[in-house]
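First the structure, in the form of structure tokens, and then the observations on it.
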Amino acid sequence: MNLGMMWATCTRVLRQLKGDPRSIGMILVVPAILLALVYWLYENETVAPGLPRTFDRVGLMMLGIFPFVVMFLVTSITMLRERTSGTLERLLTTPIHKADLLFGYALAFSIMAALQALVATGTAYWVFGMKIAGNAGWVVLISVLTAVLGVALGLLCSAFATTEFQAVQFMPVVVIPQILLCGLFVARDQMNAALEGLSNLLPLSYAVSGLQEVAAHPDPTRDLGGDLLVIAGFVVVVLVLASLTLRRQTR
Amino acid sequence: MSHRAALPEPDPRFAPVPADPSGTNGPISVSVEGLRVHRGKSTVLANITCNIPAGRITGLLGPSGSGKTTFMRALVGVQKISAGTVTVLGRPAGDPLNRNDVGYVTQEVSVYRDLSVLDNVRYFSAVHGGSRDEAQAVLAAVGLSDFAKRKAGSLSGGQFSRVSLACALVGKPKLLVMDEPTVGLDPVLRADLWQQFAALAAEGTTLVISSHVMEEAGHCDSLLLLREGLLLSQLTPAQLRENGQTDDLELAFLRLIQESMAAEERTA
């Protein structure tokens, strides 16, 4: 690892993004807009006294899911471009270490992810008056972590696509099952055993479970810590797998 | 002749014995022995043995599909090889220590189109551990100072390919491997680039440049002539003219190919 090279990679990726204001806009604004949609969906519901609004429950989960989806897409396409344009092969003939490259990428997109999470969480709290028991800081942290998870999975999946068209098709394969099984539609403990087992293997489930912990308890719980650790573990494992797909020598 | 005499004779079934490279019997930068590359069932390179002189321009010439790019990739160390050894700057090709000393300009321009010219060069400077000022100096050297702030993707073909060159030069390579750097450029720009290559060689850089345009062979000190994965011959442009009994390098190369094909038929 060479921090200078990692930082150079991070700033290079951010500079590339800077030249593309439309993408920045999409990254920062789209989750907030989707959140607004969810808010209006449940605007007229009647809530029994003492129960949380559906928006507080669903909107909160969205704060963990949107960043994951957006960053997965952005990263897989960007990294695929790097692979197909020949710049990756070129970089791998230079002294840069694979980890510098991958962590540089992960860092750059994580910075974007943090900004995105702040915008989305801020919108949820200040515009739509989201009320949960726990601290908003934990919500932001989980959002950032799921975004980084999306980055890591995007880096990995780009290795299995040869065109941008294929890269986009990984969305239904990698992302949608996680959204279906993460507990957003049906609580995980009410699923049949096979689905519950499967959902236990998927990282997004832990993000949603963590968000539910934050919603239910004013202070951070042991379960929340466990969920955060599992997500972080997934990120590291996926990044290591992604680094294995960067080969200096090919046929 | 001295250092070449020590090399083992290549397998005659595949390659003719390379001629004396060029009369440049000085130090060598790259030594290739019995290099073979297979891709699937096809043989891309069959038993290549040659030395590449240091501080000179070595031209790698041959029709498309003759294995030029694969040979260059083997020198840089990104190609998986089936047999043989490739020693670059005294170390096995692809050795991590070589990554600072070997520059590679691929055939496709491989730079970031959505970054400015300067940002491109700065990034490649950074991954070589260079300083920020170097980038400016290299841009001046390839004549791109005026375009430093422009996006690489918005440049014309010739300027664009020079960005790629600048990104390789910024690491101050001792060996610069370039895959068809002058293809598709106008004659003025081509002449300009060959002048820069000569200047680099004069400073001590070893250059390996591939081309399928034989007229460019005249700019090289030493020529490696490839056909269908075989090294037909290693010689100087003067020797090629002499062997082919013509001043036209293209014709000389054609005659050489025809000769080798005739020889193949006789043995078969």
Side-chain angles (χ1 to χ4, degrees), chain A residues 1-24 27 74-75 77-105 107-109 112 162 164 243 245-251, chain B residues 37-40 42 44 70 72-82 93-116 118-132 151-154 164 167-168 170-171 173 175 177 179:
Chain A
M1 279 292 275
N2 176 318
L3 287 180
M5 289 183 194
M6 187 185 90
W7 183 243
T9 304
C10 171
T11 52
R12 188 262 294 171
V13 173
L14 289 176
R15 275 209 188 90
Q16 282 178 287
L17 257 185
K18 198 179 123 201
D20 183 4
R22 202 174 295 184
S23 290
I24 299 182
I27 292 175
V74 171
T75 314
I77 301 272
T78 315
M79 193 62 189
L80 183 74
R81 264 191 217 154
E82 179 104 61
R83 287 177 196 270
T84 52
S85 69
T87 46
L88 180 68
E89 184 180 70
R90 177 175 209 161
L91 275 177
L92 291 178
T93 67
T94 71
I96 194 170
H97 195 279
K98 292 185 218 171
D100 301 331
L101 188 61
L102 280 179
F103 283 96
Y105 257 99
L107 183 62
F109 285 128
M112 291 310 294
T162 50
E164 296 183 3
S243 81
T245 67
L246 302 180
R247 299 255 167 78
R248 286 195 196 262
Q249 273 195 343
T250 49
R251 294 222 166 262
Chain B
V37 174
H38 300 278
R39 199 171 286 137
S42 64
V44 188
T70 307
M72 299 188 124
R73 285 168 46 86
L75 296 191
V76 179
V78 296
Q79 177 68 48
K80 278 192 185 142
I81 65 176
S82 317
D95 190 287
L97 290 171
N98 267 352
R99 287 184 197 138
N100 254 326
D101 295 334
V102 178
Y104 181 32
V105 181
T106 50
Q107 198 169 347
E108 300 288 317
V109 176
S110 47
V111 300
Y112 301 99
R113 288 168 177 270
D114 47 357
L115 277 188
S116 76
L118 185 60
D119 285 339
N120 263 299
V121 181
R122 274 203 183 137
Y123 179 55
F124 281 98
S125 170
V127 299
H128 278 105
S131 70
R132 287 174 76 85
K151 280 219 171 124
S154 73
S164 204
C167 290
V170 81
L175 170 68
V177 179
D179 202 349

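Quick note on labels: first sequence line is chain A, next is B, and so on, each numbered from 1. Every value quoted in this text rests on a predicted model; they were computed, and no experiment measured them.
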### Query
Highest number of heavy-atom pairs under 4.5 Å with chain B: which of A:Leu88, A:Asn2, A:Thr9?
A:Thr9
### A:Arg15 and B:Ser116: side chain donor to acceptor below 3.5 Å
no
### Query
Where on B:Asn100 is there a heavy atom nearer than 4.5 Å to chain A: the side chain, the backbone, both, or neither?
both
### Task
Go through A:Asp100, A:Ile96, A:Asp20, A:Leu91 and name the one with the most non-hydrogen pairs under 4.5 angstrom from chain B.
A:Leu91
### Query
In terms of heavy-atom pairs under 4.5 Å, which option from B:Gly171, B:Gly77, B:Gly40, B:Pro96 contacts chain A the most?
B:Gly77
### Summary
CG (B:Asp114) and NZ (A:Lys18) are apart, to the nearest 0.5 Å, by 12.5 Å
### Message
Tell me if the CD atom of B:Gln107 is crowded by more than 12 foreign heavy atoms within 6.0 Å.
### Response
yes
### Message
So for B:Tyr112, is it side chain, backbone, both, or neither that comes closer than 4.5 Å to the heavy atoms of chain A?
### Response
both
### Query
From A:Arg12 CZ over to B:Arg122 CZ, what is the distance, rounded to the nearest 0.5 angstrom?
15.5 Å
#### Entry: Side chains of A:Thr250 and B:Arg73, donor plus acceptor under 3.5 Å
yes
### Message
Testing the basics here: between B:Val78 and A:Glu89, what is the closest heavy-atom pair and its distance to 0.1 Å?
### Response
CG2-OE2, 4.2 Å
### Query
For B:Ser82, is it the side chain, the backbone, both, or neither that has a heavy atom closer than 4.5 Å to a heavy atom of chain A?
neither
### Most contacts with chain A, counted as non-hydrogen pairs under 4.5 angstrom, among B:Ser164, B:Gly94, B:Gly129
B:Ser164
### Query
Quick one: does B:Arg99's side chain have a donor or acceptor within less than 3.5 Å of a partner on A:Thr93's backbone?
no
### Query
Quick check: does any side chain N or O of A:Arg90 sit under 3.5 Å from a backbone N or O of B:Phe124, one acting as donor and the other as acceptor?
no
### Task
Output, in order, the C-alpha distance, side-chain angles, deciding distance and verdict of side chain to side chain contact (heavy atoms under 4.5 Å, CB included) for A:Ser85 and B:Arg113.
CA-CA 9 Å; A:Ser85 69; B:Arg113 288 168 177 270; over 6 Å; no
#### Entry: Region of B:Val76 that comes under 4.5 Å of a non-hydrogen atom in chain A
side chain
### Query
If you measure from CD on B:Glu108 to OG1 on A:Thr87, what distance do you get to the nearest 0.5 Å?
12.0 Å
### Task
With a 4.5 angstrom heavy-atom cut-off, could you sort out which part of B:Val109 is near chain A: side chain, backbone, both or neither?
backbone
### Query
Relative to chain A, which of B:His128, B:Lys151, B:Arg39 shows the most heavy atom pairs under 4.5 Å?
B:His128
